There are 2 protein chains.
Amino acid sequence: MIRRTQAERSDETTGRLVRAARELFGAHGYAPTSIDAVAAAAGATKGAAYHHFGGKLALFRAAFVAEQEEVAAALERIPASESDIWAALRRGCRTLLEHCLDPGFRQIVLLDGPSVLGWETVREIEYAHTLRVLLGGLELAAAGGQMADGDLPVRAQLVFGALCEGGMLLARSADPAADLPRIAAEADRFLEAFRL
Amino acid sequence: MIRRTQAERSDETTGRLVRAARELFGAHGYAPTSIDAVAAAAGATKGAAYHHFGGKLALFRAAFVAEQEEVAAALERIPASESDIWAALRRGCRTLLEHCLDPGFRQIVLLDGPSVLGWETVREIEYAHTLRVLLGGLELAAAGGQMADGDLPVRAQLVFGALCEGGMLLARSADPAADLPRIAAEADRFLEAFRL
DNA sequence: GAAGTTACGTACCATCAGTATGAATCATGG
DNA sequence: CCATGATTCATACTGATGGTACGTAACTTC
């Protein structure tokens, strides 16, 4: 038997559990996915899951956070590659829209998240990831005198809501590649409303 | 024993069931609310619920539709009271935002709806109620030459998504009366983006 | 290497969605 | 008005599952 530290054991088990949770919750939704199924997919048992996580909800929360981290990371890579702030904002919107083509993201973040975790918790997590990056972009534009004054956090939240709906539309599309520009165009006009 | 027609018996029972479903699903959410609890609150038993509805999901769907009908009705009363189409649109946004102060609406329509019914079903129902009225307003503005061309259904969907997020923000606010104007102002600018 | 802690598996319980079945209520043809 | 059939609903039951209790194995510390 190989000898590992407790930390290594924990990390590997929790990692496998979260990965399995993302897969199963993402593919079938929260309610139809049993803890036993997640544990089995992770090569463990319910006992391990309940040892490392408070319950099914905590496991889902971990999957939700993982999804958020992934999108936030993708969004944060943008600014460097774009010249001006408005190009970066538009690119960010497209990135978010495209990310909605991932079924796991849609199911966990957009569909089940609010119902399972509650809106407050969802917002708190998003505010530390996706919304943080988006709001950062708006603040940057405002600081550069390129965006109308106003309540930027509210503005970010509204833009985010619009983009999520757009993402669901996109995912539902029979030809996402063809529809992305049309949806992105509408979203862009939303942003342009605040451009100076 | 009073003698009633079958239709009367059915209508009263289903009506009480849907009313109880709206109350309990709205107050505690879908998952924590049992069919037995709904049936008991309606003065009936699970048998009646399963006779009139396909299952828990169908009962929730009925509650969801009832919520939608209520908002759609409120929105449809607006045009008559406003002079021009843009005033009506702005008023409609405020109405939708204010409706989000109702906890039952938030829980059933905004939080649980997508998770329980799936996005396709939710959109289908909304397209027959709330979204229909909203889209109708946009089309009216476009027909009057007062709105920029574009994909109006997509536009309506995005506006709707933004308003729902705004509504959740409003509900979370410590002082909704004070925050409504600020949120509505941001939402109005969204709309103005498309004004000609 | 002994004692204590952490990680995990297994057996069990309570709850609840859904089903089966039968009884009560109502409709309808004779 | 009664007999037969359909509809409405209540009750008893089953299976699945989230969560708990407890025991064992792996690791850590002294």
Side-chain angles (χ1 to χ4, degrees), chain A residues 1-21 23-25 27-64 108 112 115-118 121, chain B residues 1-25 27-64 108 112-113 115-118 121:
Chain A
M1 182 66 66
I2 55 174
R3 187 168 179 88
R4 296 175 301 172
T5 70
Q6 295 280 55
E8 281 169 347
R9 280 217 300 170
S10 281
D11 287 354
E12 179 170 344
T13 303
T14 55
R16 281 210 308 261
L17 281 170
V18 171
R19 227 172 304 138
E23 268 180 40
L24 295 187
F25 286 147
H28 311 116
Y30 180 76
T33 302
S34 71
I35 294 254
D36 282 313
V38 172
T45 64
K46 187 154 54 169
Y50 273 91
H51 176 69
H52 290 290
F53 298 91
K56 192 182 183 184
L57 196 139
L59 193 49
F60 177 84
R61 186 195 165 102
F64 184 95
I108 293 176
D112 286 335
S115 175
V116 174
L117 300 173
T121 302
Chain B
M1 183 66 65
I2 55 172
R3 188 169 180 89
R4 297 174 301 172
T5 70
Q6 297 279 53
E8 283 169 346
R9 279 217 301 170
S10 282
D11 287 353
E12 178 169 344
T13 303
T14 55
R16 282 211 307 260
L17 281 170
V18 172
R19 227 172 306 138
R22 281 182 73 176
E23 268 180 40
L24 296 186
F25 287 147
H28 311 116
Y30 179 76
T33 302
S34 71
I35 294 256
D36 282 311
V38 172
T45 64
K46 187 154 55 171
Y50 273 91
H51 176 70
H52 290 290
F53 297 91
K56 192 182 182 184
L57 196 138
L59 192 51
F60 177 83
R61 187 194 163 102
F64 184 95
I108 293 176
D112 286 336
S115 175
V116 173
L117 301 171
T121 302

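All values derive from a computational prediction rather than experimental measurement. To find a chain, count down the sequence lines: A is the first, B the second, and so on, and within it residues start at 1.
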Legend entry - B:Glu23: salt bridge (charged side-chain N to carboxylate O under 4.0 Å, His left out) partners, not counting sequence neighbours: none
Inset, instruction - Consider the side chain of B:Arg9, meaning its heavy atoms from C-beta on, and name the nucleotide among C:dT6, C:dG9, D:dT8 that approaches it most closely. - result: D:dT8
Inset, instruction - Check whether any side-chain heavy atom of B:Asp112 lies under 4.5 Å from a side-chain heavy atom of B:Phe25, and answer yes or no. - result: no
Legend entry - salt bridge (Lys or Arg N to Asp or Glu O under 4.0 Å) contacts touching residues 51-60 of chain B (sequence neighbours left out): none
Inset, instruction - Keeping the roles fixed (side chain from A:Thr13, backbone from A:Ser10), state whether a donor-acceptor pair exists under 3.5 Å. - result: no
Legend entry - Heavy-atom side-chain proximity of B:Leu117 to B:Phe64 below 4.5 angstrom: yes
Inset, instruction - Have a look at B:Ala44 and say if it touches a base, only the backbone sugar-phosphate, or nothing, with a 4.0 Å heavy-atom cut-off. - result: sugar-phosphate
Listed pairs under 3.5 Å, donor-acceptor, residues 31-38 of chain A side chains, sequence neighbours left out:
{"residue": "A:Thr33", "atom": "OG1", "partner": "A:Leu24", "partner atom": "O", "Å": "3.4"}
{"residue": "A:Thr33", "atom": "OG1", "partner": "A:Gly29", "partner atom": "O", "Å": "2.6"}
{"residue": "A:Ser34", "atom": "OG", "partner": "A:Ala37", "partner atom": "N", "Å": "3.0"}

Inset, instruction - Using heavy atoms to find the nearest nucleotide of DNA chain C for A:Ala48 and B:Ala7 separately, return the residue whose nucleotide is more 5′. - result: A:Ala48
Legend entry - Atom pair distance, as rounded to whole Å: CG in B:Leu24 and P in C:dC16: 13 Å
Legend entry - Nearest-Å distance for atom pair CZ/P, residues A:Arg4 and C:dT6: 18 Å
Inset, instruction - Mind calculating the distance between NE2 (A:His51) and P (D:dG18) to the nearest angstrom? - result: 20 Å
Inset, instruction - Apply salt bridge (charged side-chain N to carboxylate O under 4.0 Å, His left out) to A:Arg16 and list each qualifying residue two or more places apart in sequence or on a separate chain. - result: A:Glu12
Legend entry - Members of residues 10-23 of chain B that approach DNA chain D, where some heavy atom sits under 4.0 Å away: B:Ser10, B:Thr13
Inset, instruction - Determine, for nucleotides 17-22 of chain C in 5'-to-3' order, which nucleotides have protein heavy atoms under 4.0 Å from the base (write B), from only the sugar-phosphate (write S), or from neither (write -). - result: BBB---
Inset, instruction - Supply the atom-to-atom distance B:Arg22 CZ to B:Leu17 CG, rounded to the nearest 0.5 angstrom. - result: 14.0 Å
